[in-house]
There are 2 protein chains.
Amino acid sequence: MSIRDLARALDISIGTVSRALNDRADVNPETRRRVLEAAAAMGYAPNQSGRSLRQGTTNAVAFMIPNDHDVAALGNSFFMSVSDGLQPVLMEAGLDLFVLLCPSEMDKNAFLRRVVERRIADGVIISSIERQDSRIDYLVGRNVPFVALGRSLSGGAHAWVDLDFEGVIAQSVSRLARLGHRRIAFSSAGGRINFSFIFAEAYRRALEAEGLSFDPALMIREDGTEEGGYRLGDRLLAMPEPPGAVILADETMAIGLYRRLYEAGLTPGRDLAVIGFRDSPHCRFLSPPLTCFRLSLHDLGRRLGEIMLERLKGGGGADRPPQEIWPMELVAGESDGRPSHRLRPPAASA
Amino acid sequence: MSIRDLARALDISIGTVSRALNDRADVNPETRRRVLEAAAAMGYAPNQSGRSLRQGTTNAVAFMIPNDHDVAALGNSFFMSVSDGLQPVLMEAGLDLFVLLCPSEMDKNAFLRRVVERRIADGVIISSIERQDSRIDYLVGRNVPFVALGRSLSGGAHAWVDLDFEGVIAQSVSRLARLGHRRIAFSSAGGRINFSFIFAEAYRRALEAEGLSFDPALMIREDGTEEGGYRLGDRLLAMPEPPGAVILADETMAIGLYRRLYEAGLTPGRDLAVIGFRDSPHCRFLSPPLTCFRLSLHDLGRRLGEIMLERLKGGGGADRPPQEIWPMELVAGESDGRPSHRLRPPAASA
DNA sequence: GATGGAACCGTAAACGTTTACGACGCTATC
DNA sequence: GATAGCGTCGTAAACGTTTACGGTTCCATC
């Protein structure tokens, strides 16, 4: 079922069929109608490989997301929501969206190179951006249209979209300081992901802005998972001089942290102030409600699509590529009360 | 950077280059070495469109997952984990995996047709199978290699893999009955998804097997989300004759249900026995621990990949397509205690 | 009636691969 | 020394499209 069959059935040339299907000008309206009708009737759709080969374009955009274990928690709901906004924008423009999962064992650079060199997509969206990310240098070097979901020190004038980590931390610290907190801990996953660095830097600056001193012992590295949050609770409880508040770089941690606190007979918000990061559905049912920050991932995804289309059309022209930081809005819960000094479990203090 | 450039650089014919790259027999080992070396040095990778066009095969498998709102909750962790097992198997065989998200506004059938007709992938994995699913008829009719993640009444002898819903319900009901429960509710999302029907049917049969009577009021339809679980709690509390136990078709509901119970001053396991479905990471931190069922989604994904490879190789031969039901193993928590009659909130009973 | 132009359509090349086929050179055999 | 066979390689066709180019028809104009 190729264009040839369709042409034969209609007794016209394949050139005309192609023009009719592609809405070109120089074709008789009546002919176009017949072609479209026959195509629908015979269930014809152009072979994408043929088109790609001829046009040098695949009509597809690849969204590369890592399947790492540490991102699995975050990634799930996060990337799905983003894709949900991204997809319709691309589809509107006649582009397919291929979500590509980079296997955990495979090098992200090698994976990306493979995708680009085999010409699987016209444009790429990369995520989980590292502080220095060679994928960006590679894409810039090969002049591949792309958008990064996350900032980086690499590259330079490439398009990216990112969340306002600085704003989140600044708001959190200042809010806690207003409540009277002077020892505010911060927990992040570390690693090479750039937002870990941004978070850490913003944390120090925010403390400074509030006139609070920085204590290295209060910057705690734990996975951004439920388990990580549980272990964070362990560590906080074991500290000789525990903080009165903790800010989480990943709200998923709150689930584990809450659990650990409850096990110790403590209540979040009363015995330890907790502020989470994103207002994710899985945390919406924590009790007491978690203070965190809202952002429409759907809108973010849509914007990502728009930028992608721009990059594809522009062909890497002289226009400044957009670089956007999306603010997040505080959602006040009841998890971040005034300081108390009850963090030691009752058993220990008895 | 095509095969022609590579051939020119090596001063041999493109035919030989192609044979060398594709590990064909009739090529001098020394020549092959030179070709591979040059390809690596010059960063050459065969253009996928060219290959596809010539071979009539795309070296890709499409994993079509819906982006519906009701599956968004389930889908997140579920599909990611499955993909994580699936991906390496395909990659080992030189196949790319494209995760395709069907936009919520778009008809699933139209989306699938588009994918198949444009020859985007050699094989398809479909999910969220409905009781009668025309996608299956379509794929069978067009002789497209595929595996369904979920049973259906449609099709017939096609390959599928599914979870053992019957076993889960039978185990849950019998376990609760042994604990002395006689009024056991069941909550599922309904809709056209086949597992809703399977669950409902299995529920009735399991009651019968235990000599318990079926009460339509105890089959409660709610979304398989946190919110759905919360509303389920509302409804249970409002019942004139509340059940002593409830089985959830989606463990995510447990999060909302727990919350609602706590708000009413009630404790899962003591005041209401709760059994969830899957042992998902998001429920692992519920307190008291949720009784649910374990299954390695990673293994399931791997098996899905193996079956896909089989289907692609077999070319739809005379062999029986595999149809597998994966058993799930009970993980005893503390959420399913003996019956009590304290479901009415203390305020109401006081 | 010759000419120009517009509207429409057919022809054929090109995209980058793979692969059937045949050609070449060499060695071993009778 | 002719021949067969093997190992290696080049040639060219084919996959399904799109598109530049030229051709045909028809109508309007001078």
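Bear in mind the structure is a predicted one, so any value in this text is a computation, not a measurement. When reading the values below, keep in mind they use all heavy atoms of this one structure, side chains included, and skip hydrogens, waters and symmetry mates. Throughout, protein chains are lettered first and strands after them, A, B, ... in sequence-line order, and every chain is numbered starting at 1.
Protein atom CG of Leu21(B) is 12 Å distant from nucleotide atom P of dT19(C), rounded to whole Å. Between Leu10(A) atom CG and dC9(C) atom P there is a gap of 11 Å when expressed in whole angstrom units. Asp5(A) has its CG atom 8 Å from the P atom of dG16(D), to the nearest Å. Rounded to an integer number of Å, the gap from CE of Met1(A) to C1' of dT17(D) is 14 Å. In this entry the distance linking CD of Gln48(A) with P of dC15(C) reads 19 Å, nearest Å. In this entry the distance linking CG of Asn47(B) with C1' of dT18(C) reads 13 Å, nearest Å. Straight-line distance from the CG atom of Leu6(A) to the P atom of dT18(D): 11 Å, rounded to whole Å. Rounded to an integer number of Å, the gap from Met42(A) CE to dG16(D) C1' is 15 Å.
A 4.5 Å side-chain heavy-atom check between Ile325(B) and Leu163(B) finds every atom pair outside the cut-off. Annotation: side chain of Arg311(A) is not in contact with side chain of His158(A) (no heavy-atom distance under 4.5 Å). For the pair Phe79(B) and Val99(B), the minimum side-chain heavy-atom distance is 4.5 Å or more. Put simply, the side chain of Met308(B) reaches to within 4.5 Å of the side chain of Pro145(B), judged on heavy atoms. Side-chain contact between Ser83(B) and Phe63(B) is present, with heavy atoms from C-beta onward closer than 4.5 Å.
Distances from the side chain of Ile3(A) to the nucleotides dG16(D), dT17(D), dT17(C) place dT17(D) closest.
Among the heavy atoms of the strands lying under 4.0 Å from Arg24(A) are primed sugar atoms or P, OP1, OP2 only; no base atom is included. Residue-level contact check: Ser18(A) touches the bases, meaning some heavy atom is under 4.0 Å from a base atom.
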Q: Heavy atoms under 4.0 Å is the rule here; annotate nucleotides 9-14 of chain D 5' to 3' with B where the base is hit, S where only the sugar-phosphate is, and - elsewhere.
A: BBB-BB
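Proximity of Asn22(B) to the phosphate of dT18(C): a side-chain N or O atom is located under 4.0 Å from OP1 or OP2. Taking only side-chain nitrogens and oxygens, Gln55(B) comes nearer than 4.0 Å to OP1 or OP2 of dT19(C).
In the helix from dG1(C)-dC30(D) to dC30(C)-dG1(D), the end axes, each obtained as the rotation axis mapping the C1' atoms of four pairs onto the next four within a five-pair block, lie 60° apart to the nearest 10 degrees.
When all heavy atoms of Lys108(A) and Arg135(A) are compared, the pair lying nearest together is CD-NH1, 3.9 Å.
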Q.
Applying side-chain hydrogen bond (donor to acceptor under 3.5 Å, both in side chains) to Ser13(A) and Thr16(A), what does each step give before you reach the verdict?
A. CA-CA 5 Å; Ser13(A) 80; Thr16(A) 304; 3.2 Å; yes
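Enclosure of atom CZ in Arg192(A) is not indicated, since only 12 or fewer non-hydrogen atoms of other residues, nucleotides or ligands lie within 6.0 angstrom. At most 12 heavy atoms of other shown residues, nucleotides or ligands fall within 6.0 angstrom of atom CD in Glu92(B).
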